[in-house]
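I have a structure here, written as structure tokens, and I will follow up with some questions on it.
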Amino acid sequence: MERVFKYRSKISPSGGLAAELTAESLRLATPPSSGVRIYRNFWILPHEGIYWTDLAWLCFGASLSGELISSMHPEGMYIKIRSLTYPIADYRPEVAAVTMVGWLHDECELPDFGVRCNYDPGLSAYTFNWGGREPLSDGD
């Protein structure tokens with residue numbers, strides 16, 4: 001069943017960051033013929049036309065819980081991305097990762113991994129906390 005997760009950041013002078021992810025989790029009988037492997041038997045199948053930066057950040061967000069999801073679903077699981085929408089005027093692709101974390105939290109009842117996005121008025125910028133992980137790295 002499709003699930004929609006709506007992310008809204010803390011308000012900044014420009015209004016804040018937002019994104020909406022619509023996706024569906026499906027169990028695997030066999031590995032998909034295409035897609036992105038997140039961890040062992042955990043995959044993401046993106047929709048056509050997704051920007052590569054959005055896909056990279058969606059995958060990073062999923063990777064934060066990859067080992068846990070893989071252990072929860074030893075038969076395999078994939079996330080079929082239906083859509084990722086956001087306002088063009090005030091968007092950063094990192095929001096895709098935060099949105100994926102929220103979607104997976106709701107879908108799989110995962111613990112809080114400490115992923116946060118805040119607006120820092122002193123820097124006049126958004127800051128992201130990835131729960132101790134380095135963005136877009138494999139942990140090595």
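Scope of the values below: all heavy atoms of this structure, side chains included, with no hydrogens, waters or symmetry mates. It should be emphasised that the depicted structure is a prediction, and the values quoted were computed from it without experimental measurement.
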Gap between atom CE of Met100 and atom CG of Leu58 - 0.5 Å precision: 4.5 Å
Centroid separation Phe60 to Trp130 less than 6.0 Å: yes
Other residues, nucleotides, ligands: >12 heavy atoms within 6.0 Å of Arg40 CZ: no
Residues Asp54 and Tyr86: side-chain donor-acceptor under 3.5 angstrom: yes
Distance, nearest 0.5 Å, that separates CZ of Phe5 from CG of Asp106: 5.5 Å
Shared hydrophobic cluster for Leu84 and Ile88 (ILVMFWY, side-chain gaps under 4.5 Å): yes
Separation between OH of Tyr126 and SG of Cys117, rounded to the nearest 0.5 Å: 7.0 Å
Backbone N/O of His73 and side chain of Asn41: donor-acceptor pair under 3.5 Å: yes
Within 6.0 angstrom of Glu67 CD, more than 12 heavy atoms from elsewhere: no
Separation of Leu68 CG from Phe113 CZ (nearest 0.5 Å): 5.0 Å
Tyr51, OH: over 12 other non-hydrogen atoms inside 6.0 angstrom: no
Salt bridge flag under 4.0 Å for residues Glu75 and Arg27: yes
Distance-only polar pair, side chains of Ser25 and Glu107, donor-acceptor under 3.5 Å: yes
Main-chain N/O of Pro31 paired with Trp43 side-chain donor or acceptor, under 3.5 Å: no
Ion pair Arg82/Glu2, N-O distance below 4.0 Å: yes
Between CD1 on residue Ile38 and CD1 on residue Ile79, distance to nearest 0.5 Å: 9.0 Å
Expected output: side-chain His47 to main-chain Ser83 donor-acceptor under 3.5 Å: no
Nearest-0.5 Å distance, NZ of residue Lys6 to OG1 of residue Thr99: 12.5 Å
Pair Thr127-Asp120, side-chain donor/acceptor within less than 3.5 Å: no
